[in-house]
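Please read the structure below before turning to the comments.
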Amino acid sequence: MKTSWRTAALVATAASVLALTTACGQDSATPPAAAAQNVGASASAAGIGTGIAGNGYGADGAQSSASPTPAAPAGKLTVATNPQLGNVLTDGSGLTLYRFDKDTAEPPKSSCDGDCATTWPPVPADDANAGAGIDKAKLGEVTRADGTKQLTIGGWPAYRYAKDLNSGDVNGQGVGGKWFALAPNGKKASLASLPGLSVRKDPKLGDIVVDKNGRTVYRFLKDKAWPKSVSNCTGACLEKWPAVGPVSADDTQGVKKKGLMPFTRPDGVKQMSVNCWPIYTFTGDKAPGDTNGRGVGGTWYAVSPEGKPIGAPAQ
């Protein structure tokens, strides 16, 4: 990428996202990582923009014919976790990046010009660089009709949305049925794009581990990790706190690799562990982002990326 700066501003600027060791458990082998799915995210999910304007751009009323204001540099790209969309690509200021269904990735081509580019400012390729969790090989550029260079992700031209004013806003999701938040690999962001285990920043608990569906992962204080993983949640307990199945270490993001492995329960079922501690989800969590299981019975707590029970009393 080029190193020059473009000194222009958005409509509003937002505020500024080891090897596996077999130290415990009976099993060291892990299954192959699940293939990523390209599933369009639902525009009806809570907190996700659904505005559709007659021109298909998502703007209100008539569009100005003035040239679009040049966009600010992309900066260091990051990955944010949205409860409804999974991993979402953001720019250096935390603003969500989008893709347009009328564009193409092979070869890269933008079909958003004029009024469209006013509502959806193209992200400049200048100074864009990959942050944690982003494959720099996915970053590229395409020359627009006006000669400027636009950032591409997995071949797809990247845009911001004029109505996203704050870090984490996803008001452009689903607009016109053609605009979708970008996943780090260039696909449409959706929970299907989440790894088997990843980390979400909870406003109250901080960094917590979530499963492939974005659901909070928990630890049971009555379990054991050493010298081997042991689950003491059986029968009715297991119905309320389903065991998380095996996940390949390659299908995780942000979770400590040491002690990240499956083990075999007494009933013969394989269960995943983080730092050798068995992990579960909670049937009382009805939607991604829920943490209703924390503190239940004084024995159940959300799991940190290092496998610690968050908020548990000192042991």
Side-chain angles (χ1 to χ4, degrees), residues 18-34 81 87 132-133 194-202 204-285 288-315:
L18 297 190
L20 176 66
T21 62
T22 56
C24 62
Q26 303 95 322
D27 304 309
S28 59
T30 54
T81 304
N87 285 342
L194 277 178
L197 291 175
S198 59
V199 176
R200 179 177 70 84
K201 186 171 289 296
D202 184 88
K204 293 182 179 179
L205 303 179
D207 289 344
I208 62 174
V209 178
V210 297
D211 71 1
K212 63 182 180 181
N213 298 311
R215 300 178 73 89
T216 303
V217 167
Y218 296 90
R219 252 189 62 181
F220 186 32
L221 295 189
K222 294 183 179 181
D223 286 348
K224 295 181 180 180
W226 310 101
K228 65 179 183 179
S229 304
V230 176
S231 168
N232 285 308
C233 179
T234 60
C237 173
L238 205 56
E239 293 179 5
K240 192 172 183 179
W241 301 89
V244 176
V247 176
S248 167
D250 294 334
D251 191 27
T252 66
Q253 181 177 306
V255 184
K256 183 178 180 181
K257 299 295 186 183
K258 182 179 180 180
L260 181 64
M261 64 184 69
F263 69 98
T264 303
R265 297 172 51 83
D267 57 11
V269 174
K270 290 186 181 295
Q271 180 175 359
M272 194 62 187
S273 71
V274 174
N275 196 22
C276 300
W277 289 99
I279 56 174
Y280 311 78
T281 54
F282 180 45
T283 57
D285 286 344
D290 285 353
T291 55
N292 300 318
R294 66 187 180 109
V296 170
T299 55
W300 291 92
Y301 295 91
V303 178
S304 77
E306 297 76 31
K308 297 180 180 179
I310 300 174
Q315 295 178 301

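Everything numeric in this text was worked out from a predicted model, so none of it was measured. Sequential numbering from 1 along the given sequence is applied to the chain's residues. Values reported hereafter were calculated over all heavy atoms of this structure, with side chains retained and with hydrogens, waters and symmetry mates removed.
- Between F220 and W300, the angle of the ring planes stays under 30°, which puts this pair in the parallel group of the 30/60° scheme.
- Nearest heavy atom pair, residue Y301 against residue P313, reads OH-CD, 3.5 Å.
- We find the CE-SG distance between M261 and C276 to be 5.5 Å, quoted to the nearest 0.5 Å.
- Checking side-chain atoms of T299 against main-chain N and O of L221 turns up no donor-acceptor pair under 3.5 Å.
- You'll find the side chain of D251 stays beyond 4.5 Å of the side chain of K212, heavy atoms only.
- Distance CG/D202 to CD1/I208: 4.5 Å, rounded to 0.5 Å.
- Contact detail for P278 and S273: the closest heavy-atom pair is N-CB, 4.0 Å.
- In this structure the side chain of N87 reaches within 4.5 angstrom of the side chain of L194, judged on heavy atoms.
- Between atom CG of residue N292 and atom OG1 of residue T216 there is a gap of 8.5 Å, rounded to the nearest 0.5 Å.
- A distance-only check finds no donor-acceptor pair linking the side chain of N275 to the backbone of W277 [under 3.5 Å].
- Residues meeting the side-chain hydrogen bond (donor to acceptor under 3.5 Å, both in side chains) test with Q253, sequence neighbours left out: none.
- The shortest distance between side-chain heavy atoms of L197 and L260 falls below 4.5 Å.
- A heavy-atom distance below 4.5 Å is found between the side chains of R294 and L205.
- The only option from D211, I279, T252, V217 that meets the side chain to side chain contact (heavy atoms under 4.5 Å, CB included) definition with M272 turns out to be I279.
- For K257 (side chain) and A249 (main-chain N/O), a donor-acceptor pair under 3.5 Å exists by modelled atom type.
- Nearest heavy-atom pair, V199 versus G254, reported as atom, atom and distance to 0.1 Å: CG2-O, 3.4 Å.
- A distance-only check finds a donor-acceptor pair linking the side chain of R200 to the backbone of G289 [under 3.5 Å].
- Side-chain atoms of Y280 and Q271, non-hydrogen and from C-beta on, do get closer than 4.5 Å to each other.
- Distance check: T283 OG1 to E239 CD gives 9.5 Å after rounding to the nearest 0.5 Å.
- Between W241 and F282, the ring-plane angle classifies as parallel under the 30° and 60° cut-offs.
- Using a distance-only test at 3.5 Å, with no hydrogens or angles considered, no donor-acceptor pair links the side chain of R219 to the main chain of S304.
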